[in-house]
Amino acid sequence: MTAILPSPSPIPCPGSAESLAALRDRAGPHVDTALPGPRSAELLARQEQRESNARTYPRHLPFAVAQAAGSFIRDLDGNVFIDFLAGAGVLSLGHNHPELVEVATAQMSVFTHGLDMPSPAKDAFTEAQLSMLPAGMADHVKIQFCGPTGANAVDAAIKLTKTATGRGDILAFSGGFHGSTHAAMALTGNLAQKRPIANPMPGVHFLPYPADTPSAGAPDGVDPSAWEASCLALFERALTDPNGGIPLPAAVIMELVQGEGGVNPASVAFTRAVRELTRQLGVPLIVDEVQTGAGRTGTWFAFEQYDIEPDVVVASKALSGMGLPVAIVIYHRDLDVWAPGAHTGTFRGNQLAFAAGVKTVEIFHRDRILDNVRARGEQVRARLGALDSLPTVREVRGRGLMWGIELTAHSDGRGAGQLAEQVQAGALRDGLILELGGRNDRVVRMLPPLNVTEQVMDTALDILVHAIETSAVHTADPCV
Ligand SMILES: Cc1ncc(COP(=O)(O)O)c(C=O)c1O
């Protein structure tokens with residue numbers, strides 16, 4: 001038996017209200033130790049010894065968190081980082097937004113867990129979510145409260161559409177990500193994750209997806225407009241070819257900006273054509289807004305920017321604004337033919353998440369958060385646009401506050417994934433937390449809080465640009 005590492009030395013917790021306020025109001029980060037610092041290293045070692053090999057973030061972001069406020073995280077060694085991971089796009093109003101803390105704390109002593117029983121907090125949350133839908137949509141939809149993860153809601157959406165159509169196949173898109181449960185993973189493109197898992201959910205067919213970017217996401221050497229036309233032709237074929245081998249599916253599922261897939265916004269023409277054809281054929285269109293939803297792309301839902309109405313919308317991550325778990329499926333009433341108990345789950349009634357979610361919607365209106373998302377998004381576009389001229393940058397792309405910089409191999413032998421890792425590590429050393437994604441993790445991603453200030457964004461962009469420019473410098477030793 002391996003000996004458990006000794007308990008860490010007592011860790012001072014600089015968690016007074018004053019220091020939290022100071023953290024929230026910082027203009028920038030500071031990193032004063034090597035990473036990880038000594039106290040973080042202690043907890044990372046204990047984590048490595050006791051936690052699963054499947055753990056992810058600490059492998060690339062090697063620090064232990066002491067506290068967080070707004071757009072900032074302080075680690076156990078006193079280093080302060082700008083957090084542009086934001087809990088994987090969950091913390092839309094930053095860490096510990098004081099008003100969200102207040103309502104969640106108040107709710108805590110009233111009622112916390114309610115299965116799917118009605119309560120004032122749940123009713124207000126439902127009302128708030130319906131109020132954010134485009135005009136008229138609320139009149140003909142219903143909401144399913146799911147287990148609290150995006151993947152659970154994706155599973156529910158698949159079960160819903162299979163039940164309603166009596167069909168069993170699903171069309172999904174390469175590059176897509178829908179979660180890590182067995183079924184959600186079956187719908188996900190990333191083969192490295194799927195390879196070790198035998199017998200995935202059958203009946204899933206993948207089709208290529210053209211992006212609304214200069215490259216259209218086309219393979220190297222393929223003309224972008226030809227690519228878009230080919231993707232559409234393949235999609236039409238898949239749904240209509242009597243000799244195509246794909247039965248009429250129970251649903252088509254898509255992200256309108258693929259997040260984990262490397263920030264690929266879907267082509268507008270393609271998406272509208274998908275909507276048109278699925279409607280004609282009676283195939284429900286599921287739009288997975290787990291990452292794009294609740295304001296991330298500059299509208300409450302990304303589908304609004306495509307001028308389409310999906311049959312099913314899946315949402316989760318940022319609904320509570322502060323990381324309290326909640327997930328929903330919003331769907332057309334006509335699909336509501338599943339039986340009582342068709343998709344149960346113990347944790348469908350987190351009242352704290354509901355209270356915080358209502359307050360989040362209120363703050364979105366009052367503080368014009370969507371305007372901030374659009375303005376900060378333009379700030380990013382203006383600053384990063386010029387990066388395209390670097391030989392290691394393939395494309396800069398994004399919507400609202402969801403951005404990706406796709407890198408390409410360096411002539412000195414470093415691959416795109418290796419460069420992206422270097423950018424992530426370099427930015428972290430300068431105090432900026434970034435995420436990676438896309439094929440072979442070659443896309444550097446930003447998911448800032450949606451209320452990030454212009455000043456913090458400026459500082460973050462300085463760090464990011466410096467990290468990318470530094471990584472693009474030729475090195476004689478490609479292992480560096
Ligand atoms: C588009 C999309 N769908 C589903 C999921 C799965 O959500 P969860 O991790 O909460 O299961 C994610 C998570 O990143 C996502 O980005």
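Remember, it's 1-based here, ligands and their atoms both numbered in the order they're listed. Numbers here are sequence positions counted from 1.
- Residue D288 approaches ligand 1 through these ligand atoms, each under 4.0 Å from one of its heavy atoms: 1 (C), 2 (C), 3 (N), 4 (C).
- At a heavy-atom distance under 4.0 Å, only side-chain atoms of K317, from C-beta outward, approach ligand 1.
- Listed by number with element, the atoms of ligand 1 under 4.0 Å from a non-hydrogen atom of Q291 are 14 (O), 16 (O).
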Item to complete: Applying side-chain contact (heavy atoms from CB on, under 4.5 Å), run through Q129 and F354 and close with a yes or a no.
Response: CA-CA 10 Å; Q129 295 311 317; F354 298 154; over 6 Å; no

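- Atom 9 (O) of ligand 1 lies below 4.0 Å from none of the non-hydrogen atoms of the protein.
- Under a cut-off of 6.0 angstrom, the local environment of CD in E236 is crowded, with over 12 non-hydrogen atoms contributed by other residues, nucleotides or ligands.
- R394 has a carboxylate O that lies under 4.0 Å from a charged side-chain N of D220, or vice versa, which qualifies the two as a salt bridge.
- A tilted orientation is assigned to the rings of F145 and F125, their planes being inclined by 30° to 60°.
- Atom 5 (C) of ligand 1 has its closest protein heavy atom at V290 CG1, 3.7 Å.
- Atoms of ligand 1 lying under 4.0 Å from any heavy atom of T149, numbered from 1 in the order shown and given with element: 10 (O), 11 (O).
- For G150, a nitrogen or oxygen atom sits less than 3.5 Å from a nitrogen or oxygen atom of ligand 1, counting backbone and side chain alike.
- If you check each of M185, E255, E260 against atom 1 (C) of ligand 1, the one with the closest non-hydrogen atom is E255.
- Interface of A151 with ligand 1, defined as ligand atoms under 4.0 Å from a residue heavy atom, comprises 6 (C), 7 (O), 8 (P), 11 (O).
- In this structure, Q258 has no heavy atom closer than 4.0 Å to ligand 1.
- Counted by atom type alone, Q305 and T297 present one or more donor-acceptor pairs between their side chains at under 3.5 Å.
- Side-chain atoms of Q49 and R46 form no donor-acceptor pair, as typed in the model, at a separation below 3.5 Å.
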Discussion item. Run the salt bridge (charged side-chain N to carboxylate O under 4.0 Å, His left out) test on E289 and R296 for me, step by step, so that the C-alpha distance in whole Å, both residues' side-chain angles and the decisive distance to 0.1 Å come before the verdict.
Written reply: CA-CA 10 Å; E289 296 256 14; R296 173 61 55 192; over 6 Å; no

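- Here atom 6 (C) of ligand 1 lies nearest to G179 when heavy atoms of P148, G179, S316 are compared.
- Checking H140 against D334 by side-chain atom types alone, no donor-acceptor pair falls below 3.5 Å.
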